Amino acid sequence: MTTYEVHVGSWLRTEWGQLGSWDEATDRLIPYLQHMGFSHVELMPITEHPFGGSWGYQPLALFAPTSRLGPPEAFARFVDRCHAAGIGVILDWVPAHFPSDEHGLARFDGTALYEHEDPRQGFHIDWNTLIYNVGRREVRGFLIASALFWIETFHLDGLRVDAVASMLYRDYSRKPGEWVPNEFGGRENLEAVSFFQELNTLVGARGRGAVTIAEESTAWPGVTQPVHHGGLGFHFKWNMGWMHDSLRYFGHDPIYRGYHGDDITFGLVYGFSENFVLPISHDEVVHGKGSLLSRMPGDDWQRFANLRLYLAMMWTHPGKKLLFMGCEFGAEEEWSVDAPFPWPHPFDERRQGASKLVRDLNALYRSTPALHRLDHAPEGFAWVVADDAATSVFAFSRSSAPGSSEILVVANMTPVPRIDYRIGVPKTGLWRERLNSDAGDYGGTGLGNGGSVRTQDIQAHSQFQSLSLTLPPLGLLVLEHDPAG
């Protein structure tokens, strides 16, 4: 599951300010997704909304595709064409809040019908919006009907549920005295818990395999546990901790990375407690944060090498993948909803190289069971090198069955090549280099191991045989044992 997150209007936007349409997205976006090898596309909210600058996250019409991109029939054609191309469609869905526009749902019949009467429960301070009262069965029915409408009418393959944490906690972003405790005196929103459990149960029963994905940024337990086990029942949860830790690590100059290795390793302490998606979303490339490329330190060559290394780490790390548009080729500027999409020049070798790497990562991920089959099970992952602070080298194995260790991943987090770096492996013979993020085709130096390397009878890392590897600068290697070698 590798997902391309897209704001359709700005992805299609031309230099002349035209937004495009669903029919244009059918002709342009779907072939691009096929070319890049993504399995899913996630649409930022397309439910009708009055203010385009909200990116759709302040919707008023939860049953209507936005008219900005054409009629509902055109959207239906887009979804059908995605399915014909083997691409799943996920909608970013917003049940947490709604804007207070007079022509919307606010005090719909003169009373707090959809929202809470008490602003300590019914008004969202951060977003200046109103909060649905999911404790009312009519409001709950309205929201769940919307979710099922998109799945059953438009045949969507999943819903990414926005701002789950803001619904789960009554004191979310509130100071003492600004929130109302639950009936037991706690901060948990028990009505929201019940709402999510009912939502996910009904999607499971009627959704024909559709998934629900929670944007939940706290340590709330059991987000992806089944409802009958006391969980919320989501299929997946965004791993915000991994995202923050990994971006913080890559933001350090490589000379200091040896002191921050826990930013790479800590995520695996809890990495199998939920069914995680690794998200590099629109939130990480807006509001002055800069683009993903601009977060990478060093000169131009090092920035692109770091970007390729980061993406390769993400694709080989346990968890499903989500990447926001433009990150796949290293857009220079942060995303703006009002700017044309910054397509790279055909002769921009570094951006074209990054794009080719993402295509190859998607192909490798799809064709290699060890990289996805046990994504949510600790048996599919093992650290080989996690404590080499002196060289900032990390190595781990991935497997498709307990104890098989078919894939070895080795990452050199510094611009210093490592020659004769020894890694213990469980199987003798030939190990083939399936991917090298520093390959010349990607804009790298081309330093590597000539496509393969054979084990030597030298013990290392509790194994009786090992590989002597050349580790490229700011590069990642993926090696696979060849039983016939």
Side-chain angles (χ1 to χ4, degrees), residues 246 249-250 254 257-258 260-265 267-268 271 278 302 305-319 357 360-361 364-365 368 370-372 380-400 404-442 444-456 458-482 485:
S246 60
Y249 180 88
F250 272 83
R257 287 178 178 172
H260 301 281
D262 55 334
D263 282 339
I264 296 295
T265 59
L268 273 304
L278 309 183
Q302 289 192 19
N306 272 304
L307 175 69
R308 296 193 304 270
L309 173 58
Y310 185 82
L311 293 172
M313 278 289 290
M314 177 179 174
W315 253 253
T316 53
H317 189 286
L357 172 66
D360 289 350
L361 284 170
L364 177 69
Y365 181 69
T368 310
L371 291 177
H372 60 254
F381 176 91
W383 284 112
V384 179
V385 178
D387 57 356
D388 189 353
T391 61
S392 295
V393 169
F394 294 89
F396 54 85
S397 65
R398 298 294 308 275
S399 58
S400 61
S404 59
S405 301
E406 302 105 309
I407 295 293
L408 176 68
V409 178
V410 188
N412 176 12
M413 302 294 195
T414 73
V416 180
R418 307 294 175 184
I419 309 300
D420 191 27
Y421 193 95
R422 191 161 296 280
I423 299 279
V425 291
K427 297 177 181 178
T428 60
L430 193 69
W431 286 72
R432 296 197 179 277
E433 206 171 67
R434 294 284 308 277
L435 184 131
N436 178 351
S437 71
D438 190 52
D441 285 351
Y442 306 142
T445 67
L447 188 66
N449 299 275
S452 64
V453 61
R454 191 170 292 276
T455 58
Q456 300 172 344
I458 300 175
Q459 295 187 24
H461 303 115
S462 303
Q463 303 292 342
F464 291 107
Q465 58 280 321
S466 58
L467 302 173
S468 174
L469 297 174
T470 296
L471 306 184
L474 294 173
L476 180 142
L477 303 176
V478 178
L479 298 114
E480 183 175 27
H481 182 251
D482 185 349

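Numbers here simply count residues along the sequence, with the first being 1. Everything numeric here is computed off the predicted structure, so don't read it as measured data.
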Modelled atom types, side-chain donor and acceptor of [X] and [Y], under 3.5 Å:
{"X": "D262", "Y": "T265", "answer": "no"}
{"X": "D360", "Y": "Y365", "answer": "no"}
{"X": "S246", "Y": "Y310", "answer": "yes"}
{"X": "R257", "Y": "S392", "answer": "no"}

Once rounded to the nearest 0.5 Å, what's the spacing between atom [atom1] of [X] and atom [atom2] of [Y]?
{"X": "L357", "Y": "R308", "atom1": "CG", "atom2": "CZ", "value": "7.5 Å"}
{"X": "L430", "Y": "R454", "atom1": "CG", "atom2": "CZ", "value": "5.0 Å"}
{"X": "M413", "Y": "F250", "atom1": "CE", "atom2": "CZ", "value": "4.0 Å"}
{"X": "Q465", "Y": "W431", "atom1": "CD", "atom2": "CH2", "value": "9.0 Å"}
{"X": "H372", "Y": "W315", "atom1": "NE2", "atom2": "CH2", "value": "15.0 Å"}
{"X": "H461", "Y": "Q463", "atom1": "NE2", "atom2": "CD", "value": "10.0 Å"}

Is the shortest side-chain heavy-atom distance between [X] and [Y] below 4.5 Å?
{"X": "R432", "Y": "H481", "value": "no"}
{"X": "H317", "Y": "L268", "value": "yes"}
{"X": "F394", "Y": "I264", "value": "yes"}
{"X": "T391", "Y": "T414", "value": "no"}

For [X] and [Y], work out which heavy atoms get closest and say how close.
{"X": "P417", "Y": "L447", "value": "CB-CD2, 3.6 Å"}
{"X": "R398", "Y": "A370", "value": "CB-O, 3.4 Å"}
{"X": "N412", "Y": "L309", "value": "O-CD2, 3.6 Å"}
{"X": "S466", "Y": "I458", "value": "OG-O, 2.8 Å"}
{"X": "I423", "Y": "A395", "value": "CD1-CB, 3.9 Å"}

Could you give the side-chain donor-acceptor pairs of residues 467-480 under 3.5 Å, partners two or more places apart or in another chain?
residue : atom : partner : partner atom : Å
S468    : OG   : D420    : OD1          : 2.3
E480    : OE1  : R434    : NH1          : 2.4

For F396, check ring-ring contact (aromatic ring centres under 6.0 Å, His included) against everything at least two apart and list the hits. F381, W383
For D388 and Y421, run side-chain contact (heavy atoms from CB on, under 4.5 Å): C-alpha distance rounded to whole Å, both residues' side-chain angles, the deciding distance at 0.1 Å, then the answer. CA-CA 11 Å; D388 189 353; Y421 193 95; 2.5 Å; yes
Please walk me through it: do M313 and L311 pass side-chain contact (heavy atoms from CB on, under 4.5 Å)? CA-CA 5 Å; M313 278 289 290; L311 293 172; over 6 Å; no
Give a yes or no on whether the backbone of D438 and the side-chain of N436 come within a donor-acceptor separation of less than 3.5 Å. yes
Under the criterion side chain to side chain donor-acceptor pair (under 3.5 Å), I'd like the reasoning laid out for E406 against S400: C-alpha separation, chi angles, the key distance, then a yes or no. CA-CA 8 Å; E406 302 105 309; S400 61; 2.6 Å; yes
